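Shown next, in structure tokens, is the structure this report addresses.
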Amino acid sequence: MKNSPVVVLKSSFVKQDYSNYKNIELKYKNVSDKTITAIRFEWYGENAFGEPADMGNSFSKGAGGGFTDETLKPNKIGYGQWSILSNDGKKIKMARAYEVAFSDGSIWKLNN
């Protein structure tokens, strides 16, 4: 994503312990020169048949989102895992940051 202060390096489904449900896990990097104080993410996943996966959101199959408010310094890598209770997720097709808050009070938003 051009001009994004956050690059998602890896996205995957991870099986929950003692359950058949899966969570989503992201590895991401602050590629800006500012300290990040919060990030909002969105993602899209599919099941084994290439259809939109159950992502814990009854309104929009395949789509989901999450946020983190952990501080991330410039050029540092962050990790996060979100409980989405997916019962058929197989592959994350897209994951990106769409809004980022910085320690100086500025906010970056994805322009659609």
Side-chain angles (χ1 to χ4, degrees):
M1 281 191 10
K2 201 165 142 180
N3 301 325
S4 176
V6 175
V7 174
V8 175
L9 302 172
K10 183 179 179 186
S11 58
S12 59
F13 284 106
V14 290
K15 193 170 180 320
Q16 290 183 353
D17 291 336
Y18 312 107
S19 171
N20 289 329
Y21 291 110
K22 297 173 186 171
N23 294 336
I24 186 170
E25 187 171 72
L26 300 180
K27 178 181 177 183
Y28 49 92
K29 183 175 183 177
N30 178 354
V31 294
S32 77
D33 58 355
K34 300 180 187 180
T35 298
I36 293 173
T37 56
I39 308 168
R40 288 184 175 159
F41 293 101
E42 61 186 0
W43 47 72
Y44 176 81
E46 293 181 342
N47 63 23
F49 297 101
E51 302 164 338
D54 174 10
M55 301 292 270
N57 179 352
S58 61
F59 303 109
S60 180
K61 283 280 272 183
F67 79 97
T68 181
D69 58 2
E70 292 185 17
T71 300
L72 190 61
K73 301 277 186 192
N75 296 310
K76 296 298 180 185
I77 293 174
Y79 300 88
Q81 190 175 120
W82 290 267
S83 176
I84 59 170
L85 300 175
S86 179
N87 59 9
D88 69 347
K90 186 72 171 175
K91 184 174 185 178
I92 305 297
K93 299 293 280 187
M94 182 277 300
R96 65 184 179 185
Y98 69 90
E99 190 170 9
V100 178
F102 298 98
S103 60
D104 65 3
S106 63
I107 295 176
W108 173 88
K109 290 184 182 182
L110 176 66
N111 294 329
N112 290 331

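Atom set for the values below is all heavy atoms of this structure, side chains included, hydrogens, waters and symmetry mates excluded. Note that the structure is predicted; figures quoted are calculated from it, not measured. One is the number of the first residue; the rest follow in order along the sequence.
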*Does Ile36 belong to the same Ile/Leu/Val/Met/Phe/Trp/Tyr cluster as Phe67, with side-chain heavy atoms less than 4.5 Å apart forming each link?*
no

*Rounded to the nearest 0.5 Å, how far apart are OG1 of Thr37 and CZ of Phe102?*
8.5 Å

_Less than 4.5 Å apart, side chain to side chain, heavy atoms only: is that true for Phe13 and Met55?_
yes

*If you look at every heavy atom in Leu72 and Gly78, which pair is closest and at what distance?*
CD1-N, 3.8 Å

*Give the minimum heavy-atom separation between Tyr98 and Phe41, together with the two atoms involved.*
CE2-O, 3.4 Å

_Restricting to non-hydrogen atoms, name the atom on Ser4 and the atom on Val31 that form the minimum distance, rounded to 0.1 Å._
O-CG2, 3.4 Å

*Under 6.0 Å from the NZ atom of Lys34, do we count more than 12 heavy atoms belonging to anything else shown?*
yes

*Quick check: does any side chain N or O of Ser86 sit under 3.5 Å from a backbone N or O of Lys22, one acting as donor and the other as acceptor?*
no

*Counting only N and O atoms by type, is there a donor-acceptor contact under 3.5 Å from the side chain of Asn30 to the main-chain atoms of Lys73?*
yes

_Val100 reachable from Met94 in the ILVMFWY side-chain graph, under 4.5 Å edges_ = no

*Where Ser11 and Ile92 come nearest, the two heavy atoms and their spacing*: OG-CG2, 3.4 Å

*salt bridge (Lys or Arg N to Asp or Glu O under 4.0 Å) with Glu99: which residues, sequence neighbours excluded?*
Arg40, Lys109

*Closest approach of Val6 and Tyr28, non-hydrogen atoms and distance?*
CG1-CB, 3.9 Å

_Counting neighbours of CD on Glu51 that are heavy atoms of other residues, nucleotides or ligands and sit closer than 6.0 Å, is the number greater than 12?_
yes

_Other residues, nucleotides and ligands only: do more than 12 of their heavy atoms fall within 6.0 Å of NZ on Lys15?_
yes

*Supply the atom-to-atom distance Lys10 NZ to Tyr79 OH, rounded to the nearest 0.5 angstrom.*
9.0 Å

*Give a yes or no on whether Asn20 atom CG has more than 12 heavy-atom contacts from other residues, nucleotides or ligands under 6.0 Å away.*
no

_What's the separation between atom NZ in Lys76 and atom OG1 in Thr71, rounded to the nearest 0.5 Å?_
13.5 Å

*Mark yes when over 12 heavy atoms from residues, nucleotides or ligands other than Tyr21 sit less than 6.0 Å from its OH; otherwise mark no.*
no

*Note, Trp43 side chain near Ile84 side chain (heavy atom, < 4.5 Å)*: yes

*Is there a donor-acceptor pair closer than 3.5 Å between any side-chain N or O of Asp88 and the backbone N or O of Asp54?*
yes

_Gln16 and Leu85, any side-chain heavy atoms less than 4.5 Å apart_ = yes

*Kindly indicate, with the supporting measurements, whether the criterion side chain to side chain contact (heavy atoms under 4.5 Å, CB included) is fulfilled by Trp108 and Ser32.*
CA-CA 11 Å; Trp108 173 88; Ser32 77; over 6 Å; no

*Of all the heavy-atom pairs spanning Gly89 and Ala53, show the shortest one and how long it is.*
CA-CB, 3.8 Å

_hydrophobic_cluster_shared for Leu9 and Val14, side chain cutoff 4.5 Å_ = no

*same_hphob_cluster(Trp82, Ile39) at 4.5 Å side-chain heavy-atom cutoff*: yes

_Are the side chains of Val8 and Lys29 in contact, using a 4.5 Å heavy-atom criterion?_
no

*Lys/Arg N to Asp/Glu carboxylate O, Glu42 vs Arg96, below 4.0 Å*: yes

